[in-house]
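Step one of this worksheet: look at the structure below.
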Amino acid sequence: LKKVCKYFLSKFVVRFYRSSEAERIFGFQASEVTGNDFVNDWQFVFPDDLEAVMSVRNKLRYGIEQRNIISNRNYRKDGSVVYCEWYNSTLVSETGKLISVLSLVLDITPRVRLEVERTKLLERAQAAQNEAESANQIKDQFLAVLSHELRSPLNPILGWTKLLKSRKFDEVTVTKALDTIERNVKLQIQLIDDLLDVSRILRGKLTLHEAVVDLSFVIDAAIETVRLTAEAKSIKILSFENNSIVQVKGDTNRLQQIVGNLLTNAVKFTPNGGQVEVYLSVCNSQSISYAQIQVRDTGKGINPEFLPYVFEQFRQADSSTTRNFGGLGLGLAIVHHLVELHGGTVTAESAGEGQGATFTVNLPLISSPDFIASNSNSQTIPNLEGIKILIVDDEADTREFLAFLLQQYGAIVTVAISAHDALAKFSDILPNILLSDLGMSLMDGYSLIRQIRTMPEEQGGQIPAIALTAFAADINKQQVLAAGFNRHIAKPVEPLQLVTLIASVLEMQ
């Protein structure tokens, strides 16, 4: 501790003894401040600390305390702030009269700054810990919900499959069972596709393949994707479309996904016997024309408190185990992102719980109508008559199904249980096209196609090849094409989609 100054409280003045340490701490020479009132003559105490300093001074002056310690901020001569710790004690006469107060000061600026930094570090560490705990809790909840959503569709699939194998049913029951199996398989496919889309969104990898699109075709196709689910709940889907052609520039598949997700959401939250309405119209605002799609339902509605969060990822109004509706809370988040990619907006409205909900999508309109061949629903049945196809897959069920399917379209099918088996059979049959899995033991599909591509053309080195695999992420598609495959298609695949792809790849050769 260095003796720096005395407060002569009877005169409210400061006297600095000649001290190099005092001059170092405050920057003042003794002659500059001796006799000055630290309240009125010069600003010595930091304004926010002045009240506390005056309180301590008065306690010493009037004998309420004889010693005390106070920490406060003071100003240096250059205007900077120094943190000080003042040790004060009174000097009194034999009669008890106050003579003076002696104050010793310690510069604690380094300590305070260290404590401030330590506090900030602790706050950051606490915030990081809270964030990690929250993320971990969200992860656990998400995994629990994901497990539930993956397992739930398997129950009717497995149940109906065992029943169909174990006993005979009439045609109506068999049709009902097959519809249930198909509906639940599609639920799982949609779940996986949503997860992949969210991954693409988070990585900024979701892109559009733009064309001129007639929204009437998009809405009709989207309605077809949810028709089975709606019929199972006796829900009517009514479409009210503009009589004129309403065209936008966008990705047909992604626009169908937007409407499909909104319809799926509406059907999910609408009780049995309810109604879902889809409106397509052209609107004008501030001399700007845009296409408007509205999906209205008579369902559960949306709590006003949850409405601002309805488009957030993994957010659900009810995520408890007692909830009535499934899902991961991804569909609407994907809708929001896809609409923004198309330069549009999407909003949600609801009068409250039990009052239904309305989702409105606005998209930039193309003013001049164009002919859109890509939206045609007409589709010729592919013919694979006489086409030699080599199927490579280490799963027996997949091999048997693919072979049976393609034989129904006239193909001559050879199956291989591994990449080594495929290479052994390759030169004998010289297939017209290769259909191969990727994840196989000993040699995977990538190694297989690379080895085939090293063969001379007359030995099948340039054979058209399609990778049919459960690895469906974008990076897998890139790796597939880089390895030498012509196309990539993810499991599970619609039979007609696979046959059509095979035919189109063959036509390109």
Notebook entry, point to check: Where do Leu448 and Ser436 land on the side-chain contact (heavy atoms from CB on, under 4.5 Å) test, with the steps shown first?
Noted result: CA-CA 9 Å; Leu448 172 61; Ser436 177; 3.7 Å; yes
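- Side-chain contact between Val248 and His342: absent, with no pair of heavy atoms (C-beta onward) separated by less than 4.5 Å.
- Looking only at side-chain heavy atoms (C-beta outward), Gln256 and Thr225 come within less than 4.5 Å of each other.
- One distance of note links CG of Leu263 with CD of Glu277; it measures 12.0 Å at 0.5 Å rounding.
- For Ala230 against Ile237, the heavy-atom pair with the smallest separation is CB-CD1, 3.7 Å.
- Here the side chains of Phe485 and Thr469 are not in contact, with every heavy-atom distance at 4.5 Å or above.
- In terms of heavy-atom proximity, Arg24 sits nearest to Asp107 at NH2-OD2, 4.0 Å.
- Sorted by first and then second residue, the ring-ring contact (aromatic ring centres under 6.0 Å, His included) pairs involving residues 227-260 (not counting sequence neighbours) are Phe240-Tyr279.
- When all heavy atoms are compared, the tightest approach of Thr180 to Asn184 is O-ND2, 2.8 Å.
- In this structure Thr347 satisfies the side-chain contact (heavy atoms from CB on, under 4.5 Å) test together with Thr360, sequence neighbours excluded.
- To the nearest 0.5 Å, the span separating CD1 on Ile258 from NE2 on His337 amounts to 10.5 Å.
- Between Thr270 and Gln275 the shortest side-chain heavy-atom distance does not fall below 4.5 Å.
- In this structure, the side chains of Ser239 and Ile219 come closer than 4.5 Å at one or more pairs of heavy atoms.
- The side-chain heavy atoms of Val246 and Glu241, taken from C-beta on, include no pair separated by under 4.5 Å.
- Looking only at side-chain heavy atoms (C-beta outward), Thr229 and Thr264 stay at 4.5 Å or farther from each other.
- For the atom pair CG (Asn74) and OG1 (Thr109), the distance works out to 9.5 Å, reported to the nearest 0.5 Å.
- Using modelled atom types, no side-chain atom of His209 and backbone atom of Arg254 make a donor-acceptor pair closer than 3.5 Å.
- For the pair Phe269/Asp297, no side-chain contact is recorded, criterion being any heavy-atom separation below 4.5 Å from C-beta on.
- Under a 3.5 Å cut-off, the side chain of Asn130 and the backbone N or O of Gln126 do form a donor-acceptor pair.
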Notebook entry, point to check: How far apart are the C-alpha atoms of Val276 and Val226, what are their side-chain angles, what is the distance that settles it, and do they pass the side-chain contact (heavy atoms from CB on, under 4.5 Å) test?
Noted result: CA-CA 11 Å; Val276 174; Val226 299; over 6 Å; no
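- For the side-chain contact (heavy atoms from CB on, under 4.5 Å) test, residues two or more places apart in sequence or in another chain that qualify with Asp444 are Tyr446, Ser447.
- Atom-to-atom distance recorded for Glu117:CD and Thr119:OG1 is 9.0 Å, nearest 0.5 angstrom.
- When the options Val82, Asp48, Val45 are evaluated for a side-chain contact (heavy atoms from CB on, under 4.5 Å) with Arg73, the one that passes is Asp48.
- Val112 pairs by the side-chain contact (heavy atoms from CB on, under 4.5 Å) definition with Tyr83, Ile108, Val116, not counting sequence neighbours.
- In this structure, the side chain of Asn261 engages the main chain of Gly331 through a donor-acceptor pair within 3.5 Å.
- Here the closest heavy-atom approach between residue Ser216 and residue Leu280 is recorded as OG-CD2, 3.7 Å.
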Next item on the list: Start with the C-alpha gap between Asp437 and Lys491, add the side-chain angles, then the distance that decides, and say whether side-chain contact (heavy atoms from CB on, under 4.5 Å) holds.
Entry: CA-CA 10 Å; Asp437 188 22; Lys491 296 177 182 178; 3.6 Å; yes
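- Judged by distance alone, with hydrogens and angles left aside, the side-chain atoms of Lys233 form a donor-acceptor pair with the main-chain N or O of Lys268 at under 3.5 Å.
- Ring pair Trp86/Phe26 is parallel by interplanar angle, where below 30° counts as parallel and above 60° as perpendicular.
- Heavy atoms from other residues, nucleotides or ligands lying under 6.0 Å from CD of Glu115 number more than 12.
- Shown here are the side-chain contact (heavy atoms from CB on, under 4.5 Å) partners of Ile69, two or more places apart in sequence or in another chain: Glu85, Tyr87.
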Next item on the list: Go through Leu332 and Phe359 one step at a time and tell me if the side-chain contact (heavy atoms from CB on, under 4.5 Å) criterion holds.
Entry: CA-CA 10 Å; Leu332 294 180; Phe359 288 85; 3.9 Å; yes
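- Atom CD of Glu231 sits in a crowded spot, with more than 12 heavy atoms from other residues, nucleotides or ligands closer than 6.0 Å.
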Note to self: Pair Arg227, Glu224 - check salt bridge (Lys or Arg N to Asp or Glu O under 4.0 Å), show working.
What the structure shows: CA-CA 5 Å; Arg227 188 174 298 280; Glu224 284 303 314; 3.0 Å; yes
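- The CG atom of Leu208 sits 5.0 Å away from atom CG of Leu341, with the distance rounded to the nearest 0.5 Å.
- Not counting sequence neighbours, Arg183 has no partner by the salt bridge (Lys or Arg N to Asp or Glu O under 4.0 Å) test.
- Taken to the nearest 0.5 Å, the CG atom of Leu365 stands 11.5 Å off from the CD atom of Gln292.
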